[in-house]
Amino acid sequence: MSNSIENALIAAVLMIIIAIPIYISIRNAKKRKMNKILDALHLLETQHNISLQKMAQFDSVTVAIGKIKKFMVTLRLNDFESEIFDLKEMDDCRLEERTQGKTTQLLQLILTDKKDRSLPPIIFYKQYADNEGNLKSTRVLAEEWHEMVKSVIIQTTPFVILGKAD
C-alpha cells in the first residue's frame, strides 16, 4: 500500500517538475510576442503620425484602428508585415464568410475604395491556418470590427468633444 502512495507522489513530483518549465516558457513566449506586436504598432504610429485607439488580435493577424484620423492598420503575425488603410478613401466594407457545407473556410473583411475597387482583404480566419477552436469568438470579434470600420467610413463629421453644460 505504501509503495503505491510513494509511486504516486514520485509521479506527481515529476509531472510538476516537467509541467512548470513548459508553462513558464509558453507564458514568456506569449509575452514576447505581445511586446513585439505592441512595438511594431508603436513604430507605425510614430512613422505615420497616427494614433491607434483600439486593437484586436486574431490567430494570424492583429488589427488596430485610429478613429480620429481614420486609419486602420493590419499586422500579419507570421512575418510582422503591416498594411495601412486610409479609411477616408474608403466607400464601403463588408464581412465575407466563405463556407463549404457547414465548414467555414475563410472569414475576411473586404474594403472598397471610392473608385469601387476592392483592396486586398483582411483575413480574420483561414481554414487549416488558424485555430478552428477559436472560430466562434473570431466570428463575433470580426463582426464587431466590421461594424466599427463601417461606422468610421460612414462618419463624415469629425469627433467633437462636448463640455459639461451649465
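Index from 1, following the sequence.
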> Hydrophobic clusters join Ile, Leu, Val, Met, Phe, Trp and Tyr when side-chain heavy atoms are under 4.5 Å apart, directly or via other members; which others share one with L77?
Replying inline: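 Grouped by the 4.5 Å side-chain rule, M34, I37, L38, L41, L44, I50, L52, M55, F71, V73, L75, F80, I84 form the rest of the cluster around L77.
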What I'd like to find out is whether the side chain of [X] reaches to under 4.5 Å of the side chain of [Y], using heavy atoms alone.
X	Y	value
L106	I123	yes
L111	V149	yes
T99	T103	no
K88	I153	no
I122	I110	no
I65	L87	yes
K126	D59	no
M72	V63	yes

Nearest-0.5 Å distance that lies between atom [atom1] in [X] and atom [atom2] in [Y]:
X	Y	atom1	atom2	result
S151	K67	OG	NZ	6.5 Å
M148	L141	CE	CG	8.0 Å
L119	M90	CG	CE	4.5 Å
S118	E96	OG	CD	9.0 Å
D91	C93	CG	SG	10.5 Å

>> Once salt bridge (Lys or Arg N to Asp or Glu O under 4.0 Å) is applied, what residue pairs with a partner in residues 138-148 remain, sequence neighbours excluded?
In response: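 Sorted pair list: E97-R139.
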>> Before you tell me yes or no, could you show the steps for E6 and N3 under side-chain contact (heavy atoms from CB on, under 4.5 Å), namely the whole-Å CA-CA distance, both residues' side-chain angles and the distance that decides it to 0.1 Å?
In response: CA-CA 5 Å; E6 289 172 1; N3 269 347; 3.7 Å; yes
>> Hydrophobic cluster membership, with links at side-chain heavy-atom distances under 4.5 Å among I/L/V/M/F/W/Y: are I18 and I10 in one?
In response: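 In one cluster: no.
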>> Does D130 form a side chain to side chain donor-acceptor pair (under 3.5 Å) with S60? I'd like the steps, not just the answer.
In response: CA-CA 7 Å; D130 295 324; S60 57; 3.1 Å; yes
>> Just to verify, what does D92 make a salt bridge (charged side-chain N to carboxylate O under 4.0 Å, His left out) with, not counting sequence neighbours?
In response: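 K150.
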> Residues two or more places apart in sequence or in another chain: which of them pass salt bridge (charged side-chain N to carboxylate O under 4.0 Å, His left out) with R27?
Replying inline: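 Applying salt bridge (charged side-chain N to carboxylate O under 4.0 Å, His left out) to R27 gives none.
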>> Please check this pair: side chain of D113 against backbone of R117, looking for a donor-acceptor N/O pair closer than 3.5 Å.
In response: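 Looks like yes, one N/O pair under 3.5 Å.
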> Can you list every pair that meets ring pair (Phe, Tyr, Trp, His ring centres under 6.0 Å) and has a residue in residues 108-153, with sequence neighbours left out?
Replying inline: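 Matches after skipping sequence neighbours: F58-F124.
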> Going by the side chain to side chain donor-acceptor pair (under 3.5 Å) test, which pairs reach into residues 42-57, not counting sequence neighbours?
Replying inline: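 Residue pairs with at least one partner in residues 42-57: S51-Q53.
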> Is the shortest distance from a Lys or Arg side-chain nitrogen in D39 or K36 to a carboxylate oxygen in the other one below 4.0 Å?
Replying inline: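 No, this pair does not count.
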> Is it true that atom CG of N35 has more than 12 heavy atoms of other residues, nucleotides or ligands lying nearer than 6.0 Å?
Replying inline: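 Yes, CG of N35 has more than 12 neighbouring heavy atoms, counting only those of other groups under 6.0 Å.
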> Can you list the steps and then say if T138 with L107 is a side-chain contact (heavy atoms from CB on, under 4.5 Å)?
Replying inline: CA-CA 9 Å; T138 297; L107 183 62; 4.3 Å; yes
